Amino acid sequence: MPEKPTLDGLENKWVDVWQEAGTYDFDRTATREQVFSIDTPPPTVSGSLHVGHVFSYTHTDLIARYQRMTGKKVFYPMGWDDNGLPTERRVQNYYGVRCDPSLPYDPNFEPPAEPGKDQIAISRGNFVELCERLTIEDEKVFESLWRRLGISVDWKMTYQTIDTRARAISQRMFLNNLKRGEAYQSEAPTLWDVTFRTAVAQAELEDRERPGAYHRVSFHKPDGSPLFIETTRPELLPACVALVAHPDDERYQPLFGTTVTSPIFGVEVPVVAHTLADPEKGSGIAMICTFGDTTDVTWWRELQLPTRPIIGWDGRILAQEPEWITSELGKNAYASLAGLTAHSAKEKVAELLRESGDLEGEIRPITHPVKFFEKGDKPLEIVTTRQWYIRNGGRDADLRAALVARGSEITWHPDHMKVRYTNWVEGLNGDWLISRQRFFGVPVPVWYSLDADGNPEWDKVIVPDDSQLPIDPSAEAPHGYTSDQRGVAGGFIGDADVMDTWATSSLTPQIVGGWSVDDDLWKRVWPFDLRPQAHEIIRTWLFSTVVRAHLEEGQLPWKHASISGWILDPDRKKMSKSKGNVVTPIDLLDEHGSDGVRYWAASGRPGTDTAFDVGQMKIGRRLAMKILNASKFVLSQGTADATAVTEPIDRALLALLADVVDEATAAFEAFNYTKALEVTETFFWSFCDDHLELVKDRAYGLAGDDAAASARASLNIALETLLKLFAPFLPFVTDEVWSWFHPDSVHLNTWPTSAELKSFDGNPELIGHAAEVLSQLRKVKSEAKVSMRADIATATVTAKAEVIDAVRHVEADLRAAGRVMSDLTYTEHDGPTEISAILA
RNA sequence: GGUCGAUUGGCGCAGUUGGUUAGCGCGCUUCCUUGACAUGGAAGAGGUCACAGGUUCGAGUCCUGUAUCGACCA
């Protein structure tokens, strides 16, 4: 035990000790019943760490540490999400390269030390290697921060969502889905990001308010009279396939079934009726283009309209002159648009309309919601492509109902988060689009045969043998083919796409649990106990994980889902980088100590947004310091056998502590770590402020050996119990103190139970009565502005009979702590307890 | 626009199944430094629980509506 305890250096000391001792290693011999398994969110390593990570990962660690102390073998691995666009972008910028899948792999490629001005084109294989190289560096930084924070994961079990095992599992699961008909390909209009040139899924969309402008444009009826529509996307005029109005709209009813001609391009299109047309919007009649938005897709599908695409994968107007435009005027107009971006084309068409006299009045600016890829910065277009999908209930009522039911089986923390899941599943309007036209990801593990003319036969899917997994179909040949048959007639081609990042992330339980590769482990951990995560990815990560588990295992992937809240600025706004208010986690840990930061994090209940508050961290640090000092005091008094606990106040203390243990345990069982900390902390402070003061003189031996032994024994029992109760929250200081009088780690000790404490049969109310009297004795001194050490000549307790009876049991300690020179006198009175005292 | 959540002393939060004087931390006021602790201690002031209505013997705690804030989804 140090002479002058300090918190400085505790983190480094204990991080090393825990690592060497394997304190948090998973016991692989444990059976499923003995295991508490956690499906940890793998952080995106290409992003930077922020306090939000520290906050939510601490929450999971609190649960993990509690469960470990209750005797569970905690399965708590950590993964890194290094699969997907963020990594690609980071690699491009970091090394100054770009991926060109048509290039051959260069085994000797080395990136330049400094990124050059122009990006170097490299093969997919080289690109992926750079992704792996950079992410390993990032992951080291992450791991050291987590260790420093005291996250009790087993660092021998880490995984990457791009590593070999994850790729194999991801592909194997996809092939299982394919085998059962749950994965399928379809050529369909798809939301498309023109910057990344990839399809995006419903779950990746977000609406953003963008400026737009209504253009009032005249179509021409057969008699030459104008029919006005209003559109924000005049550039799609050449893609118009029909006009649409509400069937009940009397203004347009006479036109249904007739045709009109588009301005400039002179294309004849029908006027049709559909209930989705809003009579209140614009002129009440709209043009349908293939495709301007998702409503166009609905109309196109339900009204069986032709497809007239004019926007390419790059977001520009297609160069190829459309066959449906036949007039010279129209062809010339189209030629002036070809190759333009949608934005430029819009201006050009407006100009042409103005010239032809078909633009009525002024262009009317508005603000309207536009669909974006959440990681993109250009509006999404809709293009028709062949893509892979996995059934998720979006087009199947039975599956949807089954998945909704699964959501109700999960125990949500907090409960109301379940609603978000249900709303999302019930609002799905299509299956899960999983193919992405990107490079760094898990390839779609299939090939297609080529017919005699060398054209792909998309419906003739060639799948790999399981033993081949993971495969890269763009680099390897399927069984029965040789690689020189790639791309030639009668040969094969590989699917060029990779899978959506969620298609792999949805398998984190399978990846960490060793599904299909380590059956022994799998049986010990599946299904998992806990999935902790953020609420904004309920629709993506949580839902997709449920989908995969439901399809493969017919069961839930975990019992509990604990949803963490946001970190808010002190001004209640969500913390964001753009506001420049992000504090780096390592600086926080340096300044306030890991225990202090954890204390703050523990104040955020599941699902509750919590303000970033260094004040709380300081309080946490103060608590840790207090634990050091109080522990030193208790231990320096020496100890005694538990049978020595005889004094009523000592027995009362342990009785009260028994209640605290019960409350903290119940709170932890309900994932309410905040309450567990609160009740422990409340007890601890009164333990320090009142109880230690009361028994101090007795512990010194001033009241005899037996009385001293009672104090010492009870203080030791209380200290041990408190250290255990605090251990999940303040792992560093508690293990430090524990090491002063134990050879092992507090974190591997058993969580306290109330039974033993209750066996001392104390009356917990004694503590309150004693504290009340002590407080009033202090008040006398405080009001007289004298030291607490000042003597009191006489004191009278006026209280109810049972209170007096209680106080008599504690009189000796009270007199010692209050420095009361003479015996207390008592007056029975049926009211609140009052003390009158005369200073010496 | 829909859904969910929040609204309690200056600030940040607790208030479990409705039941006597609504708790806690920070801050604030006053005081205390020599046998654990100044990265400390003691005592104290301060709120009627957003607003309106309702259920009830009784509501911060249940119901309805309004307002404000936030999140998620359109």
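For clarity, every value in this text was computed on a predicted model and none was experimentally measured.
- OP1 or OP2 of B/G35 has at least one side-chain nitrogen or oxygen of A/Arg789 nearer than 4.0 Å.
- Side-chain proximity of A/Ser782 to the nucleotides B/A43, B/C4, B/C37 is greatest for B/A43.
- Using the Watson-Crick or G-U wobble rule with both distances under 3.5 Å, B/U34 pairs with nothing in any strand shown.
- With P as the reference atom, B/G35 and B/G41 are 15 Å apart, rounded to whole Å.
- Considering only side-chain N and O atoms, A/Lys785 lies nowhere under 4.0 angstrom from the phosphate OP1 or OP2 of B/A42.
- Residues A/Trp566 and A/His535 place their aromatic rings such that the two centres sit under 6.0 Å apart.
- Judged by distance alone, with hydrogens and angles left aside, the side-chain atoms of A/His53 form a donor-acceptor pair with the main-chain N or O of A/His50 at under 3.5 Å.
- In terms of phosphate contacts, A/Arg622 brings a side-chain nitrogen or oxygen within less than 4.0 Å of OP1 or OP2 of B/C26.
- A/Lys696 comes within contact range of at least one nucleobase, with a heavy-atom separation under 4.0 Å.
- If A/Asp8 and A/Leu205 are placed on RNA chain B by their nearest nucleotide, the residue sitting closer to the 5' end is A/Asp8.
- Across all strands shown, A/Thr6 has no heavy atoms under 4.0 Å from either base or sugar-phosphate atoms.
- An aromatic stacking contact between A/Trp566 and the base of B/A71 is absent, as defined here by ring centres under 5.5 Å apart and ring planes under 30° from parallel.
- For the pair A/Glu783 and A/Cys688, nearest-nucleotide mapping onto RNA chain B gives the more 5' position to A/Cys688.
- A sub-4.0 Å separation between OP1 or OP2 of B/U16 and a side-chain N or O of A/Lys675 is absent.
- Note: CG (A/Leu677) to P (B/C13) measures 16 Å, nearest angstrom.
- A/Tyr421 has no side-chain polar atom (N or O) that falls below the 4.0 Å cut-off from OP1 or OP2 of B/U3.
- Look at A/Ser775 and you'll find a side-chain N or O under 4.0 angstrom from OP1 or OP2 of B/A43.
- Put simply, the side chain of A/Trp541 gets close to the backbone of A/Ser505: a donor and an acceptor are under 3.5 Å apart.
- Residue A/Glu678 is in sugar-phosphate contact alone, with no base atom involved, counting any heavy-atom pair closer than 4.0 Å across all strands shown.
- Residue contacts for A/Trp600: at a heavy-atom cut-off of 4.0 Å it reaches no nucleic acid atom on any strand shown.
- Taking a pair to require two hydrogen-bonding distances under 3.5 Å in either a Watson-Crick or a G-U wobble arrangement, B/U21 remains unpaired.
- For A/Arg778 and A/Asp689, the salt-bridge test fails: no basic side-chain N is under 4.0 Å from an acidic carboxylate O.
- Considering only the side chain of A/Lys632, B/A36 comes nearest among B/A36, B/C72, B/U39.
- Candidate nucleotides B/A74, B/C72, B/A36 were compared by shortest atom distance to the side chain of A/Asp207, and B/A74 ranks first.
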Derivation and outcome, ring-ring contact (aromatic ring centres under 6.0 Å, His included), residues A/Phe612 and A/Phe55: CA-CA 10 Å; A/Phe612 176 74; A/Phe55 182 67; over 10 Å; no

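- Taking the ring centre of A/Trp685 as origin, the terminal cationic atom of A/Arg622 falls inside the region bounded by 6.0 Å and 45° from the ring axis.
- At the phosphate of B/C73, OP1 or OP2 sits under 4.0 Å from a side-chain N or O atom of A/Arg539.
- Nucleotide B/G46: unpaired (no Watson-Crick or G-U wobble partner with both distances less than 3.5 Å).
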